[in-house]
Visitor: 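Got a structure here, written out as structure tokens. Questions coming.
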Amino acid sequence: MDKRTDRKHRLKNCIKWNLHSNIGCLLVSVLTAAAFSMEMDIVSDEFISQITNAQSHTAQLLYRLIYSVKLQGISSVLFVLFCFVLYQYSASMGKLKKEEKILGVLMALTCLFGRAFYQYNSTAVLVSGFVQMAKTAVMFTGMLFFFPHFVKAVRQYVPRHFRFQGGFDMVSPTVYRRVVWGILLAVWTIHLIAYFPGMFMGDTEDIVYMAYNYRTGLVDTVNLISEDVLVVDHHSVLYTILLGFFVKFGRLVFHSENIGIFLYTVCQMLFTAWVLAYALYKLKGYGVGKWFRTAILVFFCLFPWIPRYAIMATKDTLFADFMMLYLLLVIDIAEHSTEQGSGIKTQQLVSMIVYAVLIFLLRKNGLYMVILSLPFLLIMNKKWSKSIIIALVCIFAVKFVYTNVLLPAAKIPDGSVSAALSIPLQQTSRYLKYYGDEVTEQERAAIDAVAKCDALPQVYWPDRSDWAKASWRKDATGEDIKNYFIVWAKMLAKHPLTYVAATANNYYAYFYPVVTDLYDFERASDGGIASANAEGYFAFKASDSPISMSCRELLRLVDAALMNIPFVNLLCTSAIYIWLLILSWTQSLVNRDRKLLMAVIPMLMLMLTILSGPCNGNIYHRFTYPVAMCMPVIAAYGIRDAKQDETEGVETVDREV
């Protein structure tokens, strides 16, 4: 065979292979589109009888599968084309890696089960008969094709092609930081005008009441040390003092609690904007491209969670601010870890302790985030052990003094123990709802000793365990709790899947994307103001001026767009930020990027504490807010330009702080 004939033969085989490859990609793309558009509802016998008289089981199965697929015209065609390009691009980049397969399988599972919980509060619909199991198999297969290749494409495409030269930047890092700060304040002022004097949320009423030592519902959940002290360490005492100071100042000087809240809101907004401007300023020094920094700036300006928490009277805003500062400090320490004779400087150590203390004083779960993540710094440099031990000792000492000295001296009781029992109480509540007839009188007595047994099945809410916690008896003893957990374990052995379902149903929206209702901000704020005024102690009032109403209408329009534009509305889900965290974590492990890992670990610890909380990701976004605020910065740091980092370095930034 001559060279010309051989060339033709190889060209023919190549064309034949590409033809098969294209056909295969197209078929898999169609299967993927069908899997994502397939409804989980059971197709009724009555509906099938109107379509066909076929008695064959195979024909019946095919009809039910076909009529479960709800393709949406041109959008389905576009999705098929997207999947086709995705699979071709992924195939051109080589075989799937192990971590891409694992992440893809996890995403497919959470998508399948999350959707079932979202629509039915149960996964029973997935296995209710042979037809439903066949539909589940089709959906899962399509998702198994899609997600691993999607992860691969994102990991390969972003670093290769998202190196645009455009974007906002300035030569001087200091001037850049100041201008970014000004931009954030300018945009956020629209929210401040719309919701003057500031936004309230569900807990604001209790915090303001405690600042004046007025009675709240929290006193009924604990045994008071003194009937004269009605403050409870359920909400941050530090934050109660801080917010109370501004309200009292407004009343004293301006004879208006509204002015007090407004002054607090302005101070918090200024500080939060400074923190975010500082974060972008540090990213510039770490070598993160201006395109990414501009995208993050736009996110901080326009994504409603950020500006509205900046003007909201809640401890979660300051918690997230200090969380960001703590993470940036950890990154700074990691950046200098390879320097000759490098160690944790005294200033850094003091800052770390201060940030850590403020974090756990603002939110109790912050303590676990800090103490569980600090030891991992030894991965960077084992010589830091002395500094880490000093930091941990100081943090534990402050915690001990606060809990065992200051609070008892002020006669302030700790919050209810039920806050730590969200998961078991929710599991018991679901068990009693579905299997209450199997519970013996002795078991009921054990449950009733710690919680109102008759109320638990009535108040069961699949997405939220607050009502189950509210049934807790504050007089429950340690022995009562021990007996309860014995019964809890017996019930687990009888119906383990019920416990799994109760937990998954309470947290699925942290992994399955459910768009949160952005209008809840306004409703919760107006409701919080009304609740705070209900007893006649206060006269807070949201602005109803024409300019405020115009700004509100503008923001409602932006909310509507963000919640309904495809892909963009993913930003309004808790899941996107959790998965961004998981992707950053795997990236740090695969690339052996220890610096990125040091920033990711505290966020992972925070996520674990979130998953022991009372609410799903689509109910309360305040638990996800710190993750949503910090993760764009951490993810951008993960794709920093190493060459630029060497030339500019963090030293340039540190020199101009």
Side-chain angles (χ1 to χ4, degrees), residues 116-118 120-124 202-203 206 215-225 227 230 232-235 364-365 413-509 609-620 623:
F117 280 119
Y118 177 60
Y120 304 98
N121 291 321
S122 172
T123 56
D203 296 336
D206 287 339
R215 189 177 186 85
T216 67
L218 295 174
V219 301
D220 297 325
T221 66
V222 298
N223 294 311
L224 295 176
I225 299 174
E227 293 295 331
L230 303 179
V232 179
D233 191 35
H234 175 83
H235 299 302
K364 293 180 180 180
N365 63 333
D414 198 4
S416 173
V417 69
S418 64
L421 300 177
S422 293
I423 293 176
L425 286 174
Q426 184 77 338
Q427 292 167 336
T428 301
S429 186
R430 185 175 180 118
Y431 188 100
L432 291 172
K433 182 177 179 66
Y434 294 107
Y435 300 102
D437 56 338
E438 298 181 13
V439 180
T440 66
E441 289 301 321
Q442 184 180 4
E443 291 172 336
R444 285 186 180 276
I447 296 171
D448 199 62
V450 298
K452 299 171 185 175
C453 187
D454 292 337
L456 281 174
Q458 305 299 323
V459 301
Y460 176 67
W461 185 355
D463 290 306
R464 187 173 176 180
S465 62
D466 277 336
W467 312 129
K469 290 195 307 177
S471 66
W472 182 260
R473 297 187 186 277
K474 64 180 182 180
D475 296 321
T477 64
E479 187 67 22
D480 292 332
I481 296 175
K482 175 184 175 182
N483 293 333
Y484 162 70
F485 273 106
I486 292 174
V487 172
W488 177 88
K490 291 179 179 178
M491 291 178 172
L492 171 62
K494 291 180 181 178
H495 296 286
L497 292 181
T498 300
Y499 278 32
V500 173
T503 305
N505 213 152
N506 206 162
Y507 300 113
Y508 70 86
T609 66
I610 291 173
L611 294 178
S612 62
C615 292
N616 212 337
N618 60 325
I619 301 295
Y620 274 175
F623 294 109

Visitor: Any non-hydrogen side-chain atom of D203 less than 4.5 Å from a side-chain atom of H234?
Guide: no
Visitor: Hey, could you give me each pair passing salt bridge (charged side-chain N to carboxylate O under 4.0 Å, His left out) that has a residue in residues 458-479? Not counting sequence neighbours.
Guide: D448-R473, R464-D466, D466-K469
Visitor: Applying side-chain contact (heavy atoms from CB on, under 4.5 Å) to Q442 and V487, what does each step give before you reach the verdict?
Guide: CA-CA 9 Å; Q442 184 180 4; V487 172; over 6 Å; no
Visitor: Restricting to ring-ring contact (aromatic ring centres under 6.0 Å, His included), what partner residues turn up for Y434, sequence neighbours left out?
Guide: none
Visitor: So, taking the atom named CG in L421 and the one named OG in S612, what distance separates them when rounded to the nearest 0.5 Å?
Guide: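 One gets 10.5 Å once the value is rounded to the nearest 0.5 Å.
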Visitor: Check the pair L432, C453 against side-chain contact (heavy atoms from CB on, under 4.5 Å), reporting the backbone distance first and the verdict last.
Guide: CA-CA 8 Å; L432 291 172; C453 187; 4.0 Å; yes
Visitor: If you look at every heavy atom in E443 and E438, which pair is closest and at what distance?
Guide: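 What the structure gives for the nearest pair is OE1-O, 4.1 Å.
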Visitor: Side-chain donor-acceptor pair under 3.5 Å between Q427 and T503, yes or no?
Guide: yes
Visitor: A quick test of your reading: do over 12 heavy atoms of other residues, nucleotides or ligands sit less than 6.0 Å from OH of Y118?
Guide: no
Visitor: To the nearest 0.5 angstrom, please state how far the NZ atom of K452 sits from the CD atom of Q458.
Guide: 13.5 Å
Visitor: Decide yes or no for W488 and Y431: does some side-chain heavy atom of the first lie under 4.5 Å from some side-chain heavy atom of the second?
Guide: no
Visitor: Can you check whether W461 reaches N616 side chain to side chain, under 4.5 Å on heavy atoms?
Guide: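 No, their side chains stay 4.5 Å or more apart.
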Visitor: Does any part of the side chain of P462, heavy atoms only, come nearer than 4.5 Å to the side chain of F117, both counted from C-beta?
Guide: no
Visitor: List the steps, then state whether side-chain contact (heavy atoms from CB on, under 4.5 Å) holds for Y484 with L425.
Guide: CA-CA 10 Å; Y484 162 70; L425 286 174; 4.0 Å; yes
Visitor: For a 4.5 angstrom cut-off between non-hydrogen side-chain atoms, does T221 reach W472?
Guide: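 Not touching, per the 4.5 Å side-chain cut-off.
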Visitor: Check Y460 against A502 and note the closest heavy-atom contact, atom names and distance.
Guide: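 Closest approach of Y460 to A502, heavy atoms only: OH-CA, 4.2 Å.
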Visitor: Pair N618, Y508 - check side-chain contact (heavy atoms from CB on, under 4.5 Å), show working.
Guide: CA-CA 9 Å; N618 60 325; Y508 70 86; 4.1 Å; yes
Visitor: Does a side-chain heavy-atom distance below 4.5 Å link I610 with Y507?
Guide: no
Visitor: Within the supplied structure, the quantity of interest is the number of heavy atoms (other residues, nucleotides, ligands) at a distance under 6.0 Å from K494 NZ; does it exceed 12?
Guide: yes
Visitor: Report the distance from atom CG of N483 to atom OG1 of T477, rounding to the nearest 0.5 Å.
Guide: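 Here the interatomic distance stands at 8.0 Å.
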Visitor: Check whether any side-chain heavy atom of K364 sits under 4.5 Å from a side-chain heavy atom of D414, and report yes or no.
Guide: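 Yes; the side chains approach each other to less than 4.5 Å.
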Visitor: Determine the minimum heavy-atom distance between T498 and R430, stating which atoms define it.
Guide: O-CD, 3.7 Å
Visitor: Once you round to the nearest 0.5 Å, how far does CG of N121 lie from CG of N506?
Guide: 10.5 Å
Visitor: State, yes or no, whether a side-chain contact exists between H235 and T216 at a heavy-atom distance under 4.5 Å.
Guide: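 When only atoms from C-beta onward are counted, T216 and H235 do not touch, as no gap falls below 4.5 Å.
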Visitor: Taking S465 for the side chain and A468 for the main chain, is one N or O donor matched with an acceptor at less than 3.5 Å?
Guide: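 Side chain of S465 to backbone of A468: no pair is present.
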Visitor: Residues two or more places apart in sequence or in another chain: which of them pass salt bridge (Lys or Arg N to Asp or Glu O under 4.0 Å) with D220?
Guide: R215
Visitor: If you look at every heavy atom in L456 and S429, which pair is closest and at what distance?
Guide: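 Closest approach of L456 to S429: O-OG, 2.6 Å.
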